[in-house]
Every structure is written in structure tokens, then in C-alpha cells.
Amino acid sequence: MALQAPEGTKDLLPDEALFWNHFRQTAADVFGRYGYVSIETPIFEQTELFVRGIGEATDVVSKEMFQATSGENMKKLLAGESIKAKSRLSLRPEGTAGVVRAVVQHDLVPQGAQPVKLMYAGPMFRAERPQKGRQRQFNQVGIECLGAEAPSVDAEAIIMLMRFYEAVGIPVGSMQLLLNSMGCETCRPAYRERVKEYMEMHADELCPECMNRAQINPLRAFDCKNPACHTIMEDAPKITDYLCDDCKEHYGEVKGYLDGAGIAYTEDARLVRGLDYYTRTVFEVQVVDGLGSQNAIGGGGRYDKLAEEVGGRQTPGLGFALGYERCVLALQAAGVEFPRAGRCDFFIACVDDSVRPVAFKLLQASRDAGLMGDMDHQSRSLKSQFKLADKLDARVVFILGPDELSEGKIKGRNMVTKREALIDLEKMLSLLSQFGGQPYGGAPSARIEDVFPADE
RNA sequence: GUGGGUAUAGUUCAGUUGGUUAGAAUGCCAGAUUGUGGCUCUGGAGGUCGUCGGUUCGAGUCCGAUUAUCCACCCCA
């Protein structure tokens, strides 16, 4: 049997790849206005980064990471030998840890400096069982802001996130923004203890898994889908009642900024994110249609201790990530039209093979001048060539045959108006050559109207 | 890791209580008189029915295994 893409992976075929590019471009446009600039970090990192950054007890790290060890080291591991810590590599399961590592390594936020605002877009890897809205390799777009503790940064990022969804076409009414504060190192431990105590009081009513959570990370029990646990946890102590004064103030100011910007949100004391690094503000955006049970299209929060965790100086941070594939599902559910394939200025149709060399030369000159066009390479009938031109959505078809060539002309046909006219081949070539110089990547570029005016 | 569903043409799917040469739509290719697209019409190519085994005179159809995939749990974007 023919080989196929690995479990949980998906090819982005041309139309989809086109939309992925559009999606990233939109993100760059929106986030760029808020001062975010791109960063590219490796797709694999030392495993230790994720263990320390995300947390050893998290599901993401404890059971969902793809190891990416070299062949030599893999042999050693299989033979039961140990390898150096720095040789233990993993494919990144999320983007934040790598970005924070880069910020620390290159000291992008020197003491007392302005905060740094970074964005990224690319594939993440988690060895989970695939289902709707969940793949083993999936694409995320995310941002990280390091060096600023102010609540305005939190609010700004949330506003920016919602603006992005809107820009990319997700109906505002289909989204719900959930907001919570998880406290900091001074108030959360006490709160955790209270939740743990509460859970132990209700030990016989909670599922075994939640009782396990009570020991490792009690707050995660808020996420349990078991109805019984759900009702028990409804009455559990709420973090908002236990926030220290600083956290309470911070959270209040975030909400104030959001209110002022007219951003609707739902406070959800049960919103606890599954990554250990989160502190204070956490948020998640869910959609109602199209996503099955994986209904979060984006989420993030503040992580004021993460930089220290990976060996840097104390640097407050905040970020979010949004899942590309899930956004696509949400867009499809909302019936949003996807942008079609790119422009095609012209197509050169050859009446017979004798004119192909001239057509080829003209085609190349046109491309060098900045036009997008193509010709047939299979000696197809003129009729077929027109069909092909139509499929490419060419605006103009140039027809070149022995008749035209003998007079030094070429015929053009506007595919919309159906107007046809003969133009001088030499004039066309010299016109195109004026756009030479830096044909690719440069500004000067011919338009199809320059060569074949739309109407006269 | 656990549970359930599905597997037939490039794609989306039919296929009767097991019975001769496995179908449709769409896509692809070619024609419908002279060198011209979309619409329409006609024709054509394309499938060892996921794989292996079993029951049977006979299996796309029934049974088992296996693989893949989808959905759900867990968790996350």
C-alpha cells in the first residue's frame, strides 16, 4: 500500500496553504499595529526546557511530547545507556517556552529596558490521539510580551486577540471570551491548599482521577467533565476570594481596560489552564459551533515566573496562542468564504508547435516584468488551452499562431470583455523590458493593462 | 492509554436476503466541421471493494484478525 501522512498530521494542499499564509499575514498585520515583531525559534529544544518551563506533571510534558533524539543517541538509549541532558531533545509542544528561552539567552530584556513584544507562527507537536480540532502536528500563531507587569499589557493582548479573530472572519457573536485570575506565588499556594482540603472533604464523591489531581494539581479538578465532580467543584472555594491585594488590583485593572474597550467577557472562576507557568490573568476564547469538544480557539495568560524557571532574571511575561486548524473549523462552521487562488494576468496560447519558442520568450519577458502568466506545455489543442486559461482565471489570453507571427504581431483577448486586438510583438517586448532591472522582489512591476489595455 | 463508528474511482458516496461484467455524482481527458474559454450534449480513462485469513458452490456483502481513519474520554490551541 502507498505510504501516507503519519497519524494526526495533515497536508495543507495549495488552497489550504494559501489560507494559512493569509492567516499568518493577517496576524502579522494586526499584531504589528500593537508593536509585535516576528521571531523564529527552533522546532525542537532541549527536553529540559519544556520540563522546567511547562511543568513536569502536566499532561503535555508527561505524556504528549515527541522525542527528537539523534540516531546515535537513540542507539545508546535503546541499549540502556544514558545520554547527556543537552542531547535529550523534544519537538516543541507549544511556543512560549522556546520564545522565553530565546529572550533569556539573548538578553532581549536587559534590566530596566522596554518590554519586548514577539510573535511567532508555526507547527507544534503533541503525541495525543487525534480527534476533531486536534492533530499531532498543528499550527499555532502566538505572541509573547516580556518585561512588562502592567495590567494594560494583559488587556492590550486580549483586545488584540479579539481584533484578530474579527479580522480573519470569525463572527463576533460566535465567540466567548473567558477570563480569570490564577493569583501569584503569594496567594495561590494558600488557595490551592484550601481547594485540596475541600476536595478531601468530598473524597468519596469525586472521581478517582480528581482525587489524584488533588495531590498533584488540585486546580485542574475544575476542568473535570464528570458531572458529579462538576457539581462538587461548583461549590469549591473560588480563587477570586483568595487573591492577594496586588493580584486583586491587577485583575480589576485588566477588567477595567477591557470594559473601557467594549470587550465582552465572562468571568469564569473555574478557568484554570493546564500549563504550570500561568500566574494572574488567564483567558480563553471558545466558539459554539463546528469544533466538537475541542472548542477553544485560543488562550493564554500571564507567566511572571517563567523566565526565572528557565534560568533568567525575574521578568514578567504574558502571551497567548491560537490554533490555526481550529480557527479554520470555526470559519467553516460559520460559512465563511475562503479566499481563492491568486491572480493570473495572462495565458499564452499557441496555435501550433512552431511558435512555441517565441511564446516561451515572450512568457519569460512578461514574468521578468512582473506579470503572472503561463502557457501550455503539453501541445494541447487551442480549445484546451483556452479551457486551461479559464481555469487559471487568466484575464488576458494571447494567441500566437503562424499568421500573427508572420506579421510580427500577437493577438490578445480580454477574457471578460471578449475584445480581441492585434499588438506588435516587438513593441510588446520592448515595453516589457522597461520593467526589467530588478524584476523579482523589487517594486517596479508591469500591469497587464500596460501591455493589453482593458478597453479603448 | 480507554471506548465506539467507518474503510468501495482523484473526491463525496450508492451497492437489495451473499449470486454473472461493481455504479452515480463531481473532477480529469477528448470530441460536438474551418485557429477561441465558461453553459450544454456525447464519448473515454480511472477501482486487485484497506490488508490477511475464515465460512460458503459462490463474499464488496457474513465472521475473525490487522492496519488506517473518524468521533468521544483525558488534556490542550
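The structure displayed is predicted, hence computed values, not measured ones. Quick note on labels: first sequence line is chain A, next is B, and so on, each numbered from 1.
A:Glu7 comes within 4.0 angstrom of the backbone, heavy atoms only, and of no base. Nucleic acid contact class of A:Glu284 (heavy atoms, under 4.0 Å, all strands): none. A:Gly133 comes within contact range of at least one nucleobase, with a heavy-atom separation under 4.0 Å. When heavy atoms are screened at a 4.0 angstrom cut-off, A:Ile399 is found touching base atoms of the nucleic acid. Residue contacts for A:Asp403: at a heavy-atom cut-off of 4.0 Å it reaches a base atom on one of the strands shown. Backbone-only contact: A:Ala296 has heavy atoms under 4.0 Å from sugar-phosphate atoms and none from a base. Among the heavy atoms of the strands lying under 4.0 Å from A:Asp390 is at least one base atom, whether or not backbone atoms are also near.
To the nearest whole angstrom, the two C1' atoms, one in B:G54 and one in B:G10, are 33 Å apart. Nucleotides B:U17 and B:C13 are separated by 23 Å at their C1' atoms, to the nearest Å. Across B:U20 and B:U66, the matching P atoms stand 32 Å from one another, rounded to whole Å. Rounded to whole Å, the separation between the C1' atoms of B:G60 and B:G50 comes to 12 Å. Distance check on atom C1': B:U26 versus B:U48 gives 25 Å, rounded to whole Å. The gap from the C1' atom of B:G46 to that of B:C63 amounts to 32 Å, rounded to the nearest Å. Using atom P as the reference point in both B:U34 and B:A24, the two lie 30 Å apart (nearest Å). For the P atom pair drawn from B:A77 and B:G4, the interatomic distance equals 30 Å after rounding to whole Å.
Both distances falling under 3.5 Å, in either a Watson-Crick or a G-U wobble arrangement, place B:G53 opposite B:C63. In this entry B:A68 has B:U6 as its Watson-Crick or G-U wobble partner, both defining distances falling under 3.5 Å. With a 3.5 Å ceiling on both atom-pair distances, the Watson-Crick or G-U wobble partner of B:G1 is B:C73. When Watson-Crick and G-U wobble pairs are counted only if both distances are under 3.5 Å, B:U16 pairs with no nucleotide at all. If you check B:G46 for Watson-Crick or wobble pairing at under 3.5 angstrom, you find it has no partner at all. When Watson-Crick and G-U wobble pairs are counted only if both distances are under 3.5 Å, B:G27 pairs with no nucleotide at all.
Side-chain rings of A:Phe31 and A:Phe320 approach one another, their centers coming within less than 6.0 Å.
In this structure a side-chain-to-backbone donor-acceptor pair under 3.5 Å is present from A:Asp304 to A:Gly317. The backbone N or O of A:Gly133 lies less than 3.5 Å from a partner atom in the side chain of A:Arg326, making a donor-acceptor pair.
Side chain A:Arg129 to base B:C70: no donor-acceptor pair is found below 3.5 Å. The base of B:C74 sits with one of its N or O atoms less than 3.5 Å from a complementary donor or acceptor on the side chain of A:Gln131. With hydrogens and angles ignored, no donor-acceptor pair under 3.5 angstrom links the side chain of A:Gln385 to the base of B:U36. In terms of polar N and O atoms assigned as donor or acceptor, the side chain of A:Lys387 never comes within less than 3.5 Å of the base of B:U36 in a complementary pairing. For A:Glu404 against B:G35, a side-chain N or O and a base N or O form a donor-acceptor pair under 3.5 Å.
A side-chain donor from one of A:Thr96 and A:Glu144 sits under 3.5 Å from a side-chain acceptor of the other. If you check the side chains of A:Glu267 and A:Tyr251, you find a donor sitting under 3.5 Å from an acceptor. Side-chain N/O atoms of A:Thr266 and A:Asp268 include no donor and acceptor closer than 3.5 Å. With no hydrogens or angles considered, no side-chain donor-acceptor pair links A:His202 and A:Asp235 at under 3.5 Å.
As rounded to whole Å, 9 Å separates atom C1' of B:G35 from atom CZ of A:Phe386. Between the CE atom of A:Met175 and the C1' atom of B:A77 there is a distance of 15 Å, rounded to whole Å. We find that CG of A:Asn295 is positioned 15 Å from P of B:C71, with the value rounded to whole Å. Here B:A32 presents its C1' atom at 16 Å from CG of A:Leu382, a figure rounded to the nearest Å. If you measure from atom CZ of A:Phe125 to atom P of B:A77, you get 16 Å, rounded to the nearest angstrom. Taking atom CD of residue A:Gln135 and atom P of nucleotide B:U69, one finds them 12 Å apart after rounding to whole Å. For A:Lys391 and B:U36, the NZ to P distance is 18 Å, given to the nearest whole Å. What separates NZ of A:Lys10 from P of B:C70 is a distance of 8 Å, to the nearest Å.
For A:Gln140 and B:A77, the shortest distance from a side-chain N or O to OP1 or OP2 is not below 4.0 Å. Put simply, A:Arg380 has a side-chain N or O that comes within less than 4.0 Å of OP1 or OP2 on B:C29. Note on A:Lys63: every side-chain N or O is 4.0 Å or more away from OP1 and OP2 of B:U2. Note on A:Lys383: a side-chain N or O is less than 4.0 Å away from OP1 or OP2 of B:G37. The side chain of A:Ser384 contributes an N or O atom lying less than 4.0 Å from OP1 or OP2 of B:A30.
Map A:Gln294 and A:Lys132 each onto its nearest nucleotide of RNA chain B; the residue landing nearer the 5' end is A:Lys132.
Taking the charged nitrogens against the carboxylate oxygens, A:Arg395 and A:Glu449 do have a contact shorter than 4.0 Å, which makes a salt bridge.
Ring geometry for A:Phe164 versus A:Phe23: interplanar angle over 60°, hence perpendicular rather than tilted (30 to 60°).
Stacking between A:Tyr324 and the base of B:A77 is absent under the criterion of ring centres within 5.5 Å and planes under 30 degrees.
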